[in-house]
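All values below come from the heavy atoms of this structure, side chains included, with hydrogens, waters and symmetry mates left out.
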Amino acid sequence: MLLLESLPTVIGAAAIAPALLVLWLVIAADERPGPPVQVWLAFVLGAASISLLGLARIPFNALLAIPDNPWATQAVRALFGVAAPEEIVKVLVIVAISTRRRAFADPMDTVVYGAAAGLGFAAYENLAYLVQHKDMWRALAALRSVLTVPFHGALGIIAGAYLAIARSGGALGAYRGHRDWARISNWALVLVAPVLLHAAFDFPLLALQRIPDLSSTAHLLLGSASVLIGFSSIGFAVRLVHRLGKHHAPRTDVARERLSQLRRMWALLLIGGGTGFAGVAFLLTSLHHWYVNPERNASFILIPIGFTSILIGLALLIATTAVYLLGRNRMRTASEGFPSAPGQS
């Protein structure tokens, strides 16, 4: 029974782990990470914001009934039934968290808070989906961790980036021409950009689910369109992070080396943690199948693969710790005698 009870724990880890890994990637890209308490508060509030969706949908209820045209119905549902309410509650969290003075001084803080809010929302939504579909949770977790979870994080990044640009666009070079129009458009894009991208991503999926008698070609086109929009949104978020990050790039060779070392450390952490997590999930589920069907020993035979994966993950995590401890002392020694970059005192 303990093995049976451990399965929901694995499902919960599979739901939350992808969001946490993507969040750490965003944090590692920041040269001056913000207060951890604020980041985790944004993550938790992003997850809790799902409880406000009922209120957020009330203004749009009258727009959701469009009979006689199934395509228009799904388009309106994608825009006003899903995208607008979800992005409104996430933007409210981002604005509330990023009202601190430091967020105005460092635009990357607002980007990180946006990612945390979006990924917190994605983690809770992911958990609900996996618990609801326990019979196919592994495949569903893999698919959502590759696209849906990063997509929600990307929408939060986009909202946070435009909020940072709207607040300090002059310092970021955003108001070089048509200042008034640029300022208004950036404030509008805080909500409009994630809503439109979210609606464009969901519309093909809703059409696939709720419009019968679609041809195989239509299925392929709609599925491809959703995947393309999802990954394009993630790429757009990366571009915005790069745009803001250029204004906070390391100024000296020592600082660049430190940032490079931080990224290598997080790469090892991600690989090691992911490998170890996969090994634990494989081990527990294999034991579960063997316990339920003891006459089928195939699952029991494959258990050593899970142990091997766990050992690889632990080895990588230990290597990461060694890199950090040894590299920290080396960087401290180097920084004492390293010459400053030109123009730096």
ask   = Counting only N and O atoms by type, is there a donor-acceptor contact under 3.5 Å from the side chain of Ser226 to the main-chain atoms of Phe201?
value = yes
query = With Val91, which of Leu163, Val195, Val190, Leu155 fulfils side chain to side chain contact (heavy atoms under 4.5 Å, CB included)?
reply = Val190
task = Return the minimal non-hydrogen interatomic distance between Ile94 and Ala159, and the atom names on each side.
result = CD1-CB, 3.9 Å
Tell me which donor-acceptor pairs under 3.5 Å the side chains of residues 42-56 have, and how far apart each pair is, sequence neighbours excluded?
from  : atom 1 : to    : atom 2 : distance (Å)
Ser49 : OG     : Gly46 : O      : 2.6
Ser51 : OG     : Ala48 : O      : 2.6

ask   = Residues two or more places apart in sequence or in another chain: which of them pass side chain to side chain contact (heavy atoms under 4.5 Å, CB included) with Arg210?
value = Gln74, Arg77, Leu206
inquiry  = So, applying side chain to side chain contact (heavy atoms under 4.5 Å, CB included) with Ser232, which one of Ile234, Ile229, Leu228 is it?
reply    = Leu228
key: Side-chain donor/acceptor of His152 to backbone N/O of Thr148, under 3.5 Å   = no
request  = Before giving the answer on side-chain contact (heavy atoms from CB on, under 4.5 Å), spell out for Arg167 and Asn186 the whole-Å C-alpha distance, their side-chain angles and the decisive distance to 0.1 Å.
outcome  = CA-CA 9 Å; Arg167 285 171 169 169; Asn186 283 321; over 6 Å; no
query = Transitive ILVMFWY cluster of Ile211 at side-chain heavy atoms under 4.5 Å: who else is in it?
reply = Trp71, Phe203, Leu208, Leu214, Leu222
inquiry  = If the condition is side chain to side chain donor-acceptor pair (under 3.5 Å), which residues does Arg144 pass it with, not counting sequence neighbours?
reply    = Glu125, Asn126
key: Glu87 side chain reached by Phe121 side chain, heavy atoms, under 4.5 Å   = no
task = Considering non-hydrogen atoms only, spot the tightest contact between Ala115 and Leu23 and give its length.
result = C-CD1, 4.5 Å
request  = Kindly compute the distance separating OG (Ser233) from CD1 (Ile157), expressed to the nearest 0.5 Å.
outcome  = 11.5 Å
key: Set of side chain to side chain contact (heavy atoms under 4.5 Å, CB included) partners for Ala193, sequence neighbours left out   = Ile158, Tyr162, Leu189
query = Can you hop from Val227 to Leu221 via hydrophobic side chains spaced under 4.5 Å?
reply = no
Worked verdict on Val82 versus Phe60 for side-chain contact (heavy atoms from CB on, under 4.5 Å) = CA-CA 10 Å; Val82 180; Phe60 306 110; over 6 Å; no
CD1-CG distance between Ile97 and Asp109, expressed to the nearest 0.5 angstrom = 12.0 Å
note = The side chain to side chain contact (heavy atoms under 4.5 Å, CB included) partners of Ser216 (sequence neighbours excluded) come to none
query = Do Asn61 and Arg57 touch side chain to side chain, with heavy atoms closer than 4.5 Å?
reply = yes
inquiry  = One pair to check against side-chain contact (heavy atoms from CB on, under 4.5 Å): Leu79 and His198. What are the steps and the verdict?
reply    = CA-CA 8 Å; Leu79 181 59; His198 196 159; over 6 Å; no
task = Output the distance between atom OG1 (Thr99) and atom OH (Tyr113), rounded to the nearest 0.5 Å.
result = 9.5 Å
ask   = Does OH belonging to Tyr129 count more than 12 external heavy atoms closer than 6.0 Å?
value = no
